[in-house]
Protein chains: 2
Amino acid sequence: MSDGSELQIFRDYLKKRGLRYTREREQIIREIFATHEHFDVDSLYLKMRQKGMNVSKASIYRLIPLLIETELVREVFFEDGHMHYEHVYGHEHHCHLRCLECRKIEEFTDPRLAEVEKDLAERFGYHVLDHRLDVRGLCPECRTKYLYKK
Amino acid sequence: MSDGSELQIFRDYLKKRGLRYTREREQIIREIFATHEHFDVDSLYLKMRQKGMNVSKASIYRLIPLLIETELVREVFFEDGHMHYEHVYGHEHHCHLRCLECRKIEEFTDPRLAEVEKDLAERFGYHVLDHRLDVRGLCPECRTKYLYKK
DNA sequence: AATGAAATTGAGTTTGTTTTCCATTACAGA
DNA sequence: TCTGTAATGGAAAACAAACTCAATTTCATT
């Protein structure tokens, strides 16, 4: 799944900032990079506790901003009252197409978005850092179900 | 600012659903449509209380889903621990370019997004309902400041 | 205008997420 | 190994958002 180089990137960042590399931080990062699923704090916490690791939620909450700053992790969207994340390192930048009914998520990329970004940078004089495109609708299955319901 | 037709749209919706038109709902909607600024629940609440209106936050929280369903209001983005909204009626669909430093927001439209939407609908078989594009970076002023700081 | 069923209200309470606090522990450079 | 400081877990606090409930208001029907 991962060659561990995200850990090296994180260690370098900690060193540069004078912060510390701890067992808990390593465990959390390994867990995040162990799968390519999206995650949220609570399910990550439960998963780790079930595996017998003794991390606290506070440590996860404290780590996430650091992972975002190193661009190892991104916020994906806010739903069900809390934020959802994904790890970024090792993935091409991509956007999300989501079914509002069954919550399935498709990932996609489109070169036109880079063009839009570039035009915006010129037009408004911005230094563009990032974009998030969240397209929402009904997947083929739910679309059918939904039409029948109406 | 507004000719009040958003109120009529809302009344029609309430009638259709068997819900009631109340003074509080009217006041809240008027307040939302009084300016074209983005808003959040807390600042809207404070603004109304300062004007001497006796609405409760609960009423605002209860109203927002109805306004979203009638497409009078949209969620814009989640920031600072809570959702931010904008009224939609009377505005073309648009996306946001935001400065992460000073929080200034530019609105823009781009025909390429409709194309992307259309292609996604075909490629994944989705019925696309909406998209949100949130482009983030540094505005011209903050860009300069930021570079000096480094 | 009066009625009455049902929706809505404000205030307070509860839930759930995220942040902060604090005493203790662990890291990393000298 | 010592030492200063960051990070830890667990609890408590802060916060947004949702729910509860008795009192009130709406509105179609008289």
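Chain identifiers are assigned alphabetically (A, B, ...) following the order of the sequence lines, protein sequences preceding nucleic acid strands; residue numbering begins at 1 within each chain. Heavy atoms only: backbone and side chains are in, while hydrogens, waters and symmetry mates are out.
Using a 4.0 Å cutoff on non-hydrogen atoms, the parts of residues 76-89 of chain A near DNA chain C are A:Gly81, A:His82, A:Met83, ordered by number. For the segment residues 49-70 of chain A, the set of residues with a heavy atom within less than 4.0 Å of an atom of DNA chain C comprises A:Ala58, A:Tyr61, A:Arg62, in numerical order.
One can place OH of A:Tyr45 at 16 Å from C1' of C:dT19, the figure rounded to the nearest angstrom. Between the CD atom of B:Glu26 and the C1' atom of C:dT9 there is a distance of 16 Å, rounded to whole Å. Taking atom NZ on B:Lys15 and atom C1' on C:dT8, their separation rounds to 18 Å, with Å as the unit. In this structure, A:Tyr21 atom OH and C:dC27 atom P are separated by 11 Å, rounded to whole Å.
Taking the 5' to 3' direction, DNA chain D first and last meets chain A under 4.0 angstrom from a heavy atom at D:dG4 to D:dG10.
Residue-to-nucleotide proximity on DNA chain C shows that, of B:Glu24 and A:Asp42, the 5′-proximal contact is made by B:Glu24.
Remark: A:Glu141 engages A:Lys104 in a side-chain hydrogen bond (donor to acceptor under 3.5 Å, both in side chains) (not counting sequence neighbours). Remark: A:Tyr89 pairs with A:Ser5 by the side-chain hydrogen bond (donor to acceptor under 3.5 Å, both in side chains) rule, at least two apart or across chains. Scanning for side chain to side chain contact (heavy atoms under 4.5 Å, CB included) contacts around A:Glu115 gives A:Arg112, B:Arg112, with sequence neighbours left out. Among residues two or more places apart in sequence or in another chain, the side chain to side chain contact (heavy atoms under 4.5 Å, CB included) test is passed with B:Ser43 by B:Asp40. When the side chain to side chain contact (heavy atoms under 4.5 Å, CB included) test is applied to A:Ala58, the partners found at least two apart in sequence or on another chain are A:Ser56, A:Arg62.
Looking at heavy atoms from C-beta onward, B:Asp119 lies out of side-chain contact with B:Glu117 at the 4.5 angstrom threshold. Here the side chains of A:Ile68 and A:Glu75 are in contact, with some heavy-atom distance below 4.5 Å.
A donor-acceptor pair shorter than 3.5 Å cannot be found between the side chains of B:Glu106 and B:His94. Using a 3.5 Å distance cut-off with no hydrogens or angles, the side chains of A:Glu107 and A:His36 do not pair a donor with an acceptor.
Across its full length, the helix from C:dA1-D:dT30 to C:dA30-D:dT1 shows an angle of 40° between the axes of its 5 terminal pairs at either end, rounded to 10 degrees.
In the hydrophobic clustering, B:Val116 connects to A:Leu97, A:Phe108, A:Leu113, A:Val116, A:Leu120, A:Phe124, A:Tyr126, A:Val128, A:Leu133, A:Val135, B:Leu97, B:Phe108, B:Leu113, B:Leu120, B:Phe124, B:Tyr126, B:Val128, B:Leu133, B:Val135, either directly or through intervening members, whenever side-chain heavy atoms lie under 4.5 Å apart.
Residue pairs satisfying the salt bridge (Lys or Arg N to Asp or Glu O under 4.0 Å) criterion with at least one member in residues 5-25 of chain B, sequence neighbours excluded, are listed as follows: B:Arg17-B:Glu69. Identified under the ring-ring contact (aromatic ring centres under 6.0 Å, His included) test for residues 48-82 of chain A, with sequence neighbours left out: A:Phe77-A:His84, A:Phe78-B:Phe78, A:His82-A:His84.
Contact annotation: side chain of A:Arg23 to base of C:dA26, donor-acceptor pair absent below 3.5 Å.
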Criterion side chain to side chain contact (heavy atoms under 4.5 Å, CB included) on B:Leu7 and B:Tyr21, from CA distance to verdict: CA-CA 10 Å; B:Leu7 285 175; B:Tyr21 191 71; 3.5 Å; yes

